[in-house]
Amino acid sequence: MKLLKFGGTSLADAQKFLCVAKIIENNLKNEQIAAVLSAPAKVTNHLVNLIENAIKNKEIAESITFAEDIFIKLITDLFKMQVNFEYKSLKKTINEKFHHLKQIMKGIVLLGKCPESTQASVISCGEVLSVSIMKKILKAKNYKVSIINPVKSLVSIGNYLDSTVDILKSKDRISSLNINKKNIILMSGFIAGNEKEELVVLGRNGSDYSAAVLAACLEASCCEIWTDVNGVFTCDPREVQNAHLLKSISYQEAMELSYFGAKVLHPRTIEPISQFKIPCFIKNTDNIKSVGTLICQQNDSKEQILKGVTHLDHIAMFNISGSRIKNVGNIISRIFTTTSKDNIKIILITQSSSENKINFCISESLTNKTKFLLEREFQLELKEKLMNTFKIYKNLSILSVIGSQIQKKHNIASKICSVLGMNKINIFSIVQGASENLISLVIDQKNILTGVKHVHNALFLNKNIIDVILIGIGGVGNELINQIFSQKKILNKRDIVIKVVVIANSKKMLTSYEGIDLHNWKEKFLESKKLFNLEILCNLVQNNSFINPVIIDCTSDELLSKKYVYFINQGFHVITSNKKANTSEWTYYQQIRSASLKTNKKFLYETNVGAGLPVIQTLQNLFNTGDNLIHFKGILSGSLSFIFGRLEEGLLLSQATKEAKDLGFTEPNPCDDLSGIDVARKLLIIAREIGYQIELKDIQIEPLLPNEFKKYRNIDEFFIKLKKLDPIFLNRVKKAHKKNNVLRFVGIIKKRGKCSIKIEEIHPNDPLYTVKNGENVLAFYTNYYQPIPLVLRGYGAGKNVTASGVFSDLLRTIS
Ligand code: ADP
Ligand code: ASP
Ligand code: MG
């Protein structure tokens, strides 16, 4: 005998019902089959809501029709797909059931309440109908079916909504049914009967438990739980994309996983199958061939020690404390006795070693009831001030890590705590040792997804994951995406995974929390209808559950640059090729640095000066290790480097500028390059890096062009006017040439941070002499580097080198 259980997701529509019938058929070849069925997906939730709304006297007629329509559509489709399917009688059954439900709902509306016994009958309707439908499908396929009525056969104790089955009594009842060995057995999950043979249910998600119980009662050789995932994963695969499938786990581990939140199994499922040593497989109806996960007694020792990370949400924590609390007798046993009398489960409990404090966690919905009961139990102690008033913390979650003999691995708890700490997630309580397979931590619910992802990543993957939000997809942003895409495999081999989760321009964005497919992102971006603006970005940042998130600013937007402090405070690294933040007022410049220091998040801007050239890092290394600047001289503009190089070769200023523009070396309006402002910004950034507290306005700029040029925004007009300057420049070049010198547009920093920008005659011995063709050069004369300066030279502009500079900053976030 084999037991198969099919969950709601496996019975979501007609196609799936037929697929389930096929699985039953395939298994029949070898042995007798008993199948336990849930309600079709969403039906139970719908029925629960229906009752809640009826109690609140809300409009319910439409909702009932909605649930009824699910079933009518199901059988209508089945009628089209399955020959000999008995549609009519089923339709009558469904109509009658829902007619009856409507009467019940009317009663609930009138009373304003619903007894638990009625609730149990209503919310389990879906299971009953699933079995009726499956019976007709199997009948249409000429199979004989026996139905076990769980109300009569599964004897249970407990309340109407959360009962526990007495297996021995149920076994007796089921064997007395004398079911024909050739028949397929069907039973509704979720349902059982109490001693009075009234219908009760086994708690939400309880069909798994029904299956385990029936497997035990029928002495099944194996129990298969068919669901919508390939088996048990190291984390919920719908929440953590890189969770991996477990080949096998022990009963004990499976119990802990489900008890602490892995919804794939109902927590009580394991008890019957482990008691009767029945192997259990979790399998996927959408992927029949997958082997699934085996749950059995003996855990495969070759497999990993760690098995999973789970979370339980909507938790409240009670804190019971008081300096004279030691004088109160049997506190813990009194807490347990009081709560268990009212079926309140204490999920975990901790006691501080000084015994002044006890923390325990319960489901948040039971907070008021628990508070009331405990205040009654400890009323004397509270009055006598032996105890403080209870502190209650809400909106918490319990994050648990499960593994075999996890206690024996010394560094697991420390890894969990440090990864949570690094991500600024507070731990309210930690429990280790209650079970040898478990470590649990209580944290804020708002951080739970981030926490789970980080802990899972740290314990199971050992990969460096970076979640990237990229803003700006002009030349540099675009090229950065290309570079990340083409490096993917190589980085993967080094255990680095870069997931670009958001790509945005000033108007819209493309998002994917699993990481955007960079192969065809452009088409997807064009299709995307998601709007983007600063407010949307700030919301996204605030509600994030990203891993090691980084915002990359490849724009030149000032408003965006003003948000860096906010991003950093929200736990993001910021990488920018935009110079606006570093050249804004000194106070903001400082705020960014202190936020970065305080939060341990990186602020990286290597491409602000010299594109990919390692300028900022070199400077930081130099001055952090005690060097001092004597003076600095550099060519900091690619376009001006090109233009002055061409002047030296005999071209006129207007010709050289035109050529630079045609080659794409200048801004759309070359006036912006010749104004020198961009060079001034770079010089300011270098000066501040060295430690000078100066502002942009402190930099003296000897303008290349007379002031009136600012007016010429029309390019043709600009070039006509520029021609008038040709003779002046020709003269200067000639004059310099006579002395064997060349002209260069240089940025200079002298003692006390005096910064200037000007055209200078450069002598052949100067490191700036040979630099042209768009190259940049930076010569640092320092205490360590003199009389020969430290010289950095190379292309200081262009999308390739800038993108690669941003990319290397990105990789520094994990170093
Ligand atoms: P069914 O309707 O088949 O009973 P459930 O929705 O109750 O299905 O349970 C399956 C779901 O459990 C999966 O879709 C998955 O999102 C969730 N789940 C949570 N934790 C885990 C885990 N560790 N491994 C696999 N699935 C998990
Ligand atoms: N249908 C019930 C529920 O949704 C039982 C189950 O699916 O296991 O809780
Ligand atoms: Mg389930």
Side-chain angles (χ1 to χ4, degrees), residues 4-13 16 19-20 23 35-49 67 70 119-120 122-131 150 161-163 187-192 200-214 224-247 249 253-269 281-287 290 292-293 295 306-313 399-403 448-449 452 455-456 460:
L4 309 178
K5 178 259 165 175
F6 298 94
T9 42
S10 308
L11 297 164
D13 55 34
K16 294 206 156 188
C19 172
V20 165
I23 295 172
V36 169
L37 306 184
S38 289
K42 297 193 187 123
V43 167
T44 319
N45 282 348
H46 205 75
L47 296 169
V48 170
N49 289 341
I70 292 180
Q119 282 187 46
V122 172
I123 67 174
S124 59
C125 274
E127 269 73 8
V128 176
L129 289 175
S130 284
V131 165
L161 295 175
D162 195 6
S163 278
M187 185 183 89
S188 300
F190 193 32
I191 301 172
V200 298
V201 290
L202 304 172
R204 288 304 308 270
N205 217 4
S207 300
D208 302 328
Y209 177 43
S210 306
V213 164
L214 191 60
E224 289 182 358
I225 301 209
W226 289 79
T227 181
D228 61 345
V229 283
N230 279 350
V232 181
F233 284 73
T234 48
C235 238
D236 186 340
R238 297 195 195 284
E239 290 175 352
V240 177
Q241 192 215 359
N242 40 25
H244 54 256
L245 184 66
L246 295 164
K247 267 200 248 152
I249 47 172
E253 288 160 350
M255 185 124 78
E256 311 273 25
L257 273 168
S258 59
Y259 187 78
F260 282 94
K263 186 183 160 224
V264 67
L265 275 180
H266 181 281
R268 264 175 285 156
T269 313
F281 281 94
I282 311 295
K283 292 185 142 225
N284 190 352
T285 19
D286 296 325
N287 183 8
S290 76
T293 301
I295 306 174
L306 291 172
K307 291 296 154 67
V309 184
T310 59
H311 61 101
L312 269 181
D313 300 336
L399 183 155
S400 301
V401 175
I402 290 111
I448 189 65
L449 270 188
V452 164
V455 170
H456 182 267
F460 288 85

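Atoms within a ligand are numbered from 1 in the order they appear, just like the ligands themselves.
A salt bridge is absent between Lys16 and Asp228; no separation between the charged side-chain nitrogens and carboxylate oxygens falls under 4.0 Å.
Contact of the Val240 side chain with the Phe233 side chain is not registered, since no non-hydrogen atoms from C-beta on lie closer than 4.5 Å. Looking at Thr234 and Val309, their side chains never come closer than 4.5 Å, going by heavy atoms from C-beta outward. Ile23 places a side-chain heavy atom less than 4.5 Å from the side chain of Trp226.
Between the NE2 atom of His244 and the SG atom of Cys235 there is a distance of 10.0 Å, given to the nearest 0.5 Å.
Considering backbone and side-chain N/O of Val229, none are found under 3.5 Å from N/O of ligand 1.
Not close to ligand 1: Arg204, with no non-hydrogen atom less than 4.0 angstrom away. The closest approach between a heavy atom of Ser207 and any atom of ligand 1 is not below 4.0 Å. Ligand 1 has Pro237 within reach: a non-hydrogen atom of the residue lies less than 4.0 Å from it. Ligand 1 is never approached by Ser10 to a heavy-atom distance shorter than 4.0 Å.
Around the Mg ion (ligand 3), the protein atoms of type N, O or S found under 2.8 Å away are Asn205 OD1, listed by chain and number.
Summary of contacts: the protein heavy atom closest to atom 13 (C) of ligand 1 is Asp228 OD1, 3.5 Å.
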For ligand 2, list every N/O pair with the protein closer than 3.5 Å, one pair per line with the distance.
from     : atom 1 : to     : atom 2 : distance (Å)
ligand 2 : 1 (N)  : Thr44  : OG1    : 2.7
ligand 2 : 1 (N)  : Glu127 : OE2    : 2.6
ligand 2 : 4 (O)  : Thr44  : OG1    : 3.4
ligand 2 : 4 (O)  : Arg204 : NH2    : 2.9
ligand 2 : 7 (O)  : Ser38  : OG     : 3.3
ligand 2 : 8 (O)  : Asn205 : O      : 3.4
ligand 2 : 8 (O)  : Gly206 : N      : 3.3
ligand 2 : 8 (O)  : Ser207 : N      : 3.0
ligand 2 : 8 (O)  : Ser207 : OG     : 3.1
ligand 2 : 9 (O)  : Arg204 : NE     : 2.6
ligand 2 : 9 (O)  : Arg204 : NH2    : 3.3
ligand 2 : 9 (O)  : Asn205 : N      : 2.7

